[in-house]
Amino acid sequence: MILVDSSVWIDYLRGTSTPPANKLDSLLGTVPLAIGDLILTEVLQGCPGDKEFNDVRQQLAAIELVVLGGADVAIEAARNFRRLRALGITVRKTIDTIIATRCILSGYELLHHDRDFDPFAEHLGLKCVVCEP
């Protein structure tokens with residue numbers, strides 16, 4: 001299963017050609033994809049009007065929805081934050097820690113366009129989808 005981050009969905013839905021957005025386009029309909037509940041919130045928050053909100057909501061309803069949090073994920077996310085901080089790395093967004101931790105715990109690959117996930121891949125075993133430039 002590949003969890004797709006909001007950084008990729010936003011580029012894809014705006015028609016912005018980036019390697020991750022192009023990778024998403026090639027994966028749609030060919031492999032199991034998922035969107036996290038908090039990622040869905042981030043994407044929908046950016047919709048400028050009701051029509052866009054409803055259109056995007058309908059498009060994303062076809063993608064499997066994953067609940068990102070819960071007690072086990074919350075506790076492990078705090079541990080991961082502390083592990084990275086002990087290495088001198090400060091994670092800027094709690095939501096990224098939750099997303100990365102959920103992927104690590106569940107064995108999901110993450111398709112993203114956000115450098116904040118790099119320390120999770122480098123130090124904690126987060127598997128990320130490789131995108132060709």
Side-chain angles (χ1 to χ4, degrees):
M1 176 80 66
I2 296 173
L3 187 74
V4 182
D5 183 53
S6 59
S7 57
V8 178
W9 284 115
I10 291 166
D11 285 346
Y12 177 79
L13 292 167
R14 287 182 177 162
T16 304
S17 181
T18 62
N22 296 338
K23 184 69 169 183
L24 173 58
D25 190 52
S26 74
L27 295 173
L28 283 167
T30 64
V31 299
L33 298 175
I35 186 169
D37 53 355
L38 300 175
I39 295 167
L40 178 61
T41 300
E42 288 182 319
V43 173
L44 292 174
Q45 284 178 157
C47 294
D50 290 343
K51 180 182 180 340
E52 294 86 356
F53 179 92
N54 289 323
D55 289 347
V56 170
R57 187 173 60 92
Q58 187 174 14
Q59 284 179 297
L60 295 179
I63 306 297
E64 183 172 336
L65 183 69
V66 171
V67 175
L68 294 173
D72 293 341
V73 175
I75 292 165
E76 193 61 24
R79 284 189 181 120
N80 286 340
F81 179 91
R82 293 169 46 82
R83 286 177 183 123
L84 292 174
R85 187 175 60 193
L87 295 172
I89 300 164
T90 302
V91 179
R92 297 183 303 160
K93 296 177 270 181
T94 299
I95 193 168
D96 289 347
T97 304
I98 292 168
I99 292 166
T101 300
R102 174 63 175 180
C103 287
I104 293 165
L105 291 175
S106 298
Y108 299 148
E109 287 184 85
L110 180 63
L111 177 58
H112 69 89
H113 192 209
D114 184 340
R115 63 182 170 84
D116 291 332
F117 291 111
D118 294 346
F120 293 93
E122 184 177 341
H123 300 287
L124 301 176
L126 175 65
K127 297 174 188 160
C128 296
V129 176
V130 177
C131 300
E132 300 300 320

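Being a predicted model, the structure only gives us computed values, none of them experimental.
Listed here is the closest heavy atom pair of Cys103 and Glu109: SG-O, 4.5 Å. Between Val66 and Ala34 the shortest heavy-atom distance is CG2-CB, 3.6 Å. Considering every non-hydrogen atom in both Pro119 and Leu84, the closest pair reads O-CD2, 3.9 Å. The heavy-atom pair separating Ala21 from Thr16 by the smallest distance is CB-O, 3.5 Å. Shortest non-hydrogen contact noted between His113 and Val8 is N-CG2, 3.7 Å. When all heavy atoms are compared, the tightest approach of Leu28 to Tyr12 is CD1-OH, 3.2 Å.
Looking at heavy atoms from C-beta onward, Cys128 lies in side-chain contact with His112 at the 4.5 angstrom threshold. Looking at Leu3 and Leu110, their side chains come closer than 4.5 Å, going by heavy atoms from C-beta outward. For the pair Ile104 and Glu76, the minimum side-chain heavy-atom distance is 4.5 Å or more. At a threshold of 4.5 Å between non-hydrogen side-chain atoms, the residues Ile39 and Ile99 count as touching.
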Inset, instruction - Could you give me the CA-CA distance, side-chain angles and deciding distance for Val4 and Ile35, then say whether side-chain contact (heavy atoms from CB on, under 4.5 Å) is met? - result: CA-CA 6 Å; Val4 182; Ile35 186 169; 5.9 Å; no
Inset, instruction - For the pair Asp37 and Leu65, evaluate side-chain contact (heavy atoms from CB on, under 4.5 Å) and give the outcome as yes or no after the intermediate values. - result: CA-CA 6 Å; Asp37 53 355; Leu65 183 69; 4.2 Å; yes
Inset, instruction - With side-chain contact (heavy atoms from CB on, under 4.5 Å) as the test, would you mind laying out the steps for Leu27 and Leu111 before giving the verdict? - result: CA-CA 10 Å; Leu27 295 173; Leu111 177 58; 4.3 Å; yes
Inset, instruction - May I have the step-by-step check of side-chain contact (heavy atoms from CB on, under 4.5 Å) for Leu24 and Leu33, ending in yes or no? - result: CA-CA 9 Å; Leu24 173 58; Leu33 298 175; 3.7 Å; yes
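The closest donor-acceptor contact from the side chain of Thr101 to the backbone of Ile98 lies at 3.5 Å or more, if one exists at all.
Interatomic distance, Asn80 CG to Asp96 CG, rounded to the nearest 0.5 Å: 12.5 Å. Between atom CD1 of residue Ile63 and atom CD1 of residue Ile2 there is a gap of 11.0 Å, rounded to the nearest 0.5 Å. The CZ atom of Arg82 sits 5.5 Å away from the CZ atom of Arg85 when rounded to the nearest 0.5 Å. Note that the CD1 atom of Ile95 and the CG atom of Leu38 stand 4.5 Å from one another [nearest 0.5 Å]. One distance of note links CG of Leu13 with CD1 of Ile10; it measures 8.5 Å at 0.5 Å rounding. Distance check, rounded to the nearest 0.5 Å: CG of Asp5 to CD of Glu42 gives 6.5 Å.
In Asp72, the CG atom is not crowded: 12 or fewer heavy atoms of neighbouring residues, nucleotides or ligands sit closer than 6.0 Å. Within 6.0 Å of the CZ atom in Arg83, the count of heavy atoms belonging to other residues, nucleotides or ligands exceeds 12.
Taking the six-membered ring where the residue is Trp, Phe117 and Phe120 present tilted rings, their angle falling between 30° and 60°.
Residues Leu105 and Leu126 fall within the same hydrophobic cluster, defined by Ile, Leu, Val, Met, Phe, Trp and Tyr side chains chained together at heavy-atom separations under 4.5 Å. The cluster map of Ile, Leu, Val, Met, Phe, Trp and Tyr, joined by side-chain heavy atoms under 4.5 Å apart, puts Met1 and Val31 in the same cluster.
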